[in-house]
2 protein chains.
Amino acid sequence: MDGSLPDTPGRAGGRSTGDDVTTINTKPAPDTSTAPPRVLRQHLMELVEEQLSEFFRVERDRRSRAHSRAADLVGSVADLVAAGGKRIRPAFCISGFLAAGGDPDDHRVLPAASALELLHASALIHDDIMDAATRRRGVPTVHEQHSATHRMLGWRGEDRRYGEGVAVLAGDLALVYADQFMAAAPPLVDALWAELRAELIVGQFVEVHVAAAADFPIDPELARWIAVAKSGRYTIHRPLEVGAAIAGRPDLADAFEAYGAAIGEAFQLRDDLMDAFGDGQVTGKPHGLDIEQHRMTLLLGLAMKRDVGIGDLVSSNATRSGRLRRRLQDTGVRVDVEEHIDRLVEEGCRAIAKAPLAAGWREELTEMAHLVAYRDR
Amino acid sequence: MDGSLPDTPGRAGGRSTGDDVTTINTKPAPDTSTAPPRVLRQHLMELVEEQLSEFFRVERDRRSRAHSRAADLVGSVADLVAAGGKRIRPAFCISGFLAAGGDPDDHRVLPAASALELLHASALIHDDIMDAATRRRGVPTVHEQHSATHRMLGWRGEDRRYGEGVAVLAGDLALVYADQFMAAAPPLVDALWAELRAELIVGQFVEVHVAAAADFPIDPELARWIAVAKSGRYTIHRPLEVGAAIAGRPDLADAFEAYGAAIGEAFQLRDDLMDAFGDGQVTGKPHGLDIEQHRMTLLLGLAMKRDVGIGDLVSSNATRSGRLRRRLQDTGVRVDVEEHIDRLVEEGCRAIAKAPLAAGWREELTEMAHLVAYRDR
């Protein structure tokens with residue numbers, strides 16, 4: 001029953017607290033004048049992991065003191081973050097910062113990177129409710145965990161409502177934590193941060209709406225817009241832009257937007273391919289969900305352009321994921337999409353070919369584009 | 001398909017945009033040297049209303065340009081805010097600012113007041129999902145509206161999942177908007193803002209958990225903690241504190257905490273009484289929900305202290321709201337609670353009796369305490 005305020009990460013340049021999470025640093029830093037880009041990024045990424053786990057340790061403690069069960073909600077967020085994930089958004093944020101010439105010893109980029117990962121956690125928790133998804137990162141989804149506890153212990157009311165209600169609150173808490181971290185970044189990212197969150201949420205709404213209302217004539221442009229709004233921007237383009245802004249280099253926004261748009265689309269197409277053809281054992285989540293839920297994915301957008309029969313299969317109320325999957329394979333759409341991904345990777349890398357980046361970063365971002373576009377989970 | 005950034009309210013003292021929402025002012029301001037407290041507050045409250053409606057107008061427009069349906073989600077938030085509500089949190093925020101001697105012509109308090117109302121909208125939208133509530137502010141709840149559209153138009157999938165999914169996103173969007181406004185307030189409110197949101201969300205979790213798990217022995221202290229965490233703090237104490245902080249008067253924090261704790265408890269007890277005995281036609285929402293959902297309210301906490309039989313009725317899995325209501329009435333608990341509210345109002349007003357407030361504000365805050373504690377909706 002403690003009413004005191006938390007040790008919030010202090011806004012850079014403003015008030016700072018004794019245990020400011022932005023300055024935690026237990027490992028020796030590499031020599032920043034000679035270390036290659038990847039080593040520098042990995043060093044900062046380790047600091048992000050430490051920052052996140054230290055934050056959750058303090059926050060669990062603080063909330064437990066208030067009420068014995070209160071830390072359970074914090075734990076649901078902390079466990080999802082600790083369960084892994086690819087950390088793509090922090091990696092691009094830090095890369096944007098370093099590629100823009102940001103000083104590796106200037107740790108103001110760390111809370112921004114953590115904020116992006118926490119925003120992603122929030123989106124996953126809430127998305128999984130909407131999808132009725134049962135697994136994520138190899139473990140049960142947050143709502144599923146809490147529904148299962150409810151069933152197992154024979155609690156009152158409906159297990160689904162309880163589990164989903166708790167997951168709504170867990171996602172809200174992750175969103176608040178994200179924001180608490182971003183408040184420690186320099187004020188010039190405020191507008192970017194507001195926009196990237198709103199476009200993510202609005203993009204998800206349009207996707208859910210279109211899937212339910214089935215008001216899509218064959219419209220690859222709409223699929224593309226959803227993919228860009230919902231995923232492309234907030235995964236690559238905006239994190240790079242946030243990093244560059246913190247480094248004081250808004251002039252890189254255009255090059256990073258062009259790179260981010262192309263590589264973000266490749267990222268999303270790979271996601272769609274993994275959903276359609278991937279192995280749930282490797283990805284840690286069930287596959288075929290997009291098709292079963294009539295999601296207007298980029299993959300289906302491209303497929304419909306080439307084969308009108310796909311549109312009928314997608315629109316059909318019956319779940320026909322098996323048939324659809326075979327057809328995507330048989331009519332060569334899958335191969336086509338792989339070629340399209342190749343073109344996007346080339347296009348993205350071209351976009352930064354002439355940008356004034358710090359030494360070695362053109363090559364590193366080219367490598368990252370390949371990792372993202374050709375990943376298997 | 002517009003990728004430009006929004007016209008975010010600029011952080012005070014930082015970047016500002018041409019149509020900065022913090023400076024909208026179409027009505028003539030009262031003479032700030034002579035106007036009484038209430039007139040000043042009402043003037044600033046009108047500016048908050050204008051700020052909110054202008055924000056939603058611009059935001060709907062912006063999102064419609066991106067996708068024809070995207071504005072529907074913005075509309076769900078805007079409609080709830082426009083549907084009324086008591087604006088208690090903005091009123092206390094502005095009062096805290098003015099009572100602390102803040103300059104009525106210094107409009108930095110306006111985005112903070114708007115942020116508090118948008119946070120409240122977010123909490124209501126998500127709360128209504130958890131409660132499966134059907135009406136709010138006299139109209140169907142957000143999830144109910146979208147579920148109804150789904151049913152009416154015969155869309156695909158489950159109407160409940162669709163409606164609740166859209167409401168999750170609408171609540172997320174309101175939370176992001178809240179934060180976007182608060183980012184325009186001075187940085188010194190960052191820590192307060194982080195804490196008030198986290199304590200609200202964690203408080204809601206404990207309430208939902210306790211109601212489902214039924215792991216309450218008769219524990220009025222727990223009921224009190226939930227009420228304070230979930231409602232008392234974010235309704236009165238924290239808004240006053242935010243206002244005082246913006247006015248540069250953190251020294252008022254103790255007096256405002258004591259006032260806010262007492263009046264916040266009175267506010268919540270009135271809420272509980274209205275839920276148990278109120279008229280849904282007046283309050284705009286169904287009554288009896290707390291009892292039906294086994295909520296550990298302050299009212300029941302006090303009742304159980306005096307009558308152990310109440311505990312059995314509350315714990316019972318069958319819904320016995322009629323019997324419980326009669327028992328609360330018959331055993332005199334209702335009268336007791338009214339007397340307790342009287343004492344809280346006295347206590348709250350005493351807490352500010354010696355605080356160094358601007359002229360007329362002790363009387364005004366006393367009047368507000370009565371309005372909050374003895375309201376009928």
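Hydrogens, waters and symmetry mates play no part in the numbers below; they use all other heavy atoms, side chains included. The structure displayed is predicted, hence computed values, not measured ones. Note on naming: letters A, B, ... go to the chains in the order of the sequence lines (proteins, then strands), and numbering restarts at 1 for each one.
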**Request:** Would you mind telling me which of A/A70, A/A71, A/G154 has the largest number of heavy-atom pairs within less than 4.5 Å of chain B?
**Result:** A/A70
**Message:** Under a 4.5 Å cutoff for heavy-atom pairs, which residue among B/R160, B/E158, B/M130 has the most contacts with chain A?
**Reply:** B/R160
**Complete:** One option among B/L73, B/V208, B/V206, B/L153 has the most heavy-atom pairs under 4.5 Å with chain A, and it is B/L73
**Message:** I'd like to verify something: which residue of B/L173, B/D72, B/D179, B/V168 has the highest number of heavy-atom pairs under 4.5 Å with chain A?
**Reply:** B/D179
**Item:** Basic-acidic side-chain contact under 4.0 Å: A/E199, B/R63
**Value:** no
**Nearest atoms (heavy-atom pairs only) where B/M182 meets B/L116** = CE-CG, 4.5 Å
**Asked** Where on B/L175 is there a heavy atom nearer than 4.5 Å to chain A: the side chain, the backbone, both, or neither?
**Response** side chain
**Prompt:** Which one, A/V74, A/D127, A/V202, A/V166, leads in non-hydrogen pairs under 4.5 Å with chain B?
**Reply:** A/V202
**Request:** For residues B/H146 and B/W155, establish whether the separation of their ring centroids is below 6.0 Å.
**Result:** no
**Asked** What is the distance from atom CD of A/E207 to atom CG of B/L169, rounded to the nearest 0.5 Å?
**Response** 10.0 Å
**Message:** For a 4.5 angstrom cut-off between non-hydrogen side-chain atoms, does A/D172 reach B/H126?
**Reply:** yes
**Request:** Give, as side chain, backbone, both or neither, the part of B/V176 having an atom under 4.5 angstrom from any heavy atom of chain A.
**Result:** both
**Prompt:** Which bit of B/Y162 is near chain A, if near means a heavy-atom gap under 4.5 Å: side chain, backbone, both or neither?
**Reply:** side chain
**salt bridge (charged side-chain N to carboxylate O under 4.0 Å, His left out) assessment of B/R233 paired with B/E195** = CA-CA 10 Å; B/R233 283 219 185 106; B/E195 180 59 10; 5.5 Å; no
